[in-house]
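Written out below as structure tokens is the structure these notes cover.
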Amino acid sequence: MDPKNIRLDRFDLDMRPLRDFMGRMDNLFNQSFKQINNHIPLRSFWVDVNETDTAIIIEASLQGYKPEQIQLEIIDNKIRIDVVESNIIENNRASYSKKQYFQQKERIITLPFTIPEEETKASFKNGILKITVPKDNSKRKFLSIDE
């Protein structure tokens, strides 16, 4: 038997407790962050951007939100999707109490051209926000190259 192989096998055996410990620590952190995310949403909402021959289609999953909670803003070649959720609960029983909840989420999508405001369309159906940005618009100008 080769002495180098024996040394590697012994090294692997010596490292097993450390690998087991590191695996348990990874599981602990992963489970902790999953539980924290259930109570305090750390992630923004899902956005998918697809391109066709004539348009760029942006779809955002905003389940549980109403259209009046969504604000869209066009800034040059960017679209900002802003979602605000607030709720006030008042209790007027024996003692007065008031709870207020506020959460804001935002995503910014950058496109490779200036977004035409008049030609861009947005719809909201079944919790999916759909924004259609035409690629060929009247405000874009192309220059010819002289020889």
Closest heavy-atom pair and its distance - S61, I128: CA-CD1, 4.0 Å
Nearest-0.5 Å distance, CD1 of residue I108 to CZ of residue R80: 7.0 Å
For E118 against K121, the heavy-atom pair lying closest together: O-NZ, 3.4 Å
K125/K130 under side-chain contact (heavy atoms from CB on, under 4.5 Å): CA gap, chis, key distance, verdict: CA-CA 8 Å; K125 188 183 279 187; K130 183 177 181 180; over 6 Å; no
OG1-NZ distance between T114 and K78, expressed to the nearest 0.5 angstrom: 10.0 Å
Same cluster (ILVMFWY, side-chain, under 4.5 Å), L72 and Y65: yes
Closest approach of Q69 to G64 (non-hydrogen atoms, all atoms of both residues): OE1-O, 4.2 Å
Approximate separation, where rounding is to 0.5 Å, of E85 CD and L62 CG: 11.0 Å
For residues 46-60, which side-chain N or O atoms pair as donor and acceptor with protein atoms under 3.5 Å away, sequence neighbours left out?
{"residue": "D48", "atom": "OD2", "partner": "N50", "partner atom": "ND2", "Å": "3.2"}
{"residue": "E51", "atom": "OE2", "partner": "K135", "partner atom": "NZ", "Å": "2.6"}
{"residue": "T52", "atom": "OG1", "partner": "T54", "partner atom": "N", "Å": "3.4"}
{"residue": "T52", "atom": "OG1", "partner": "A55", "partner atom": "N", "Å": "3.0"}
{"residue": "T52", "atom": "OG1", "partner": "A55", "partner atom": "O", "Å": "3.1"}

Test item: I81 and F45 side chains (from C-beta on) under 4.5 Å apart, heavy atoms: yes
Distance-minimising heavy-atom pair for N77 and I115: C-CD1, 3.6 Å
Side chain proximity check, P116 to V133, heavy atoms < 4.5 angstrom: yes
Candidate pair I109 and I131, rule side-chain contact (heavy atoms from CB on, under 4.5 Å), full reasoning: CA-CA 11 Å; I109 296 92; I131 304 167; over 6 Å; no
Nearest non-hydrogen partners of F113 and P134, listed with the distance: CE1-O, 3.7 Å
Which residues share a side-chain contact (heavy atoms from CB on, under 4.5 Å) with E117, sequence neighbours left out: I74
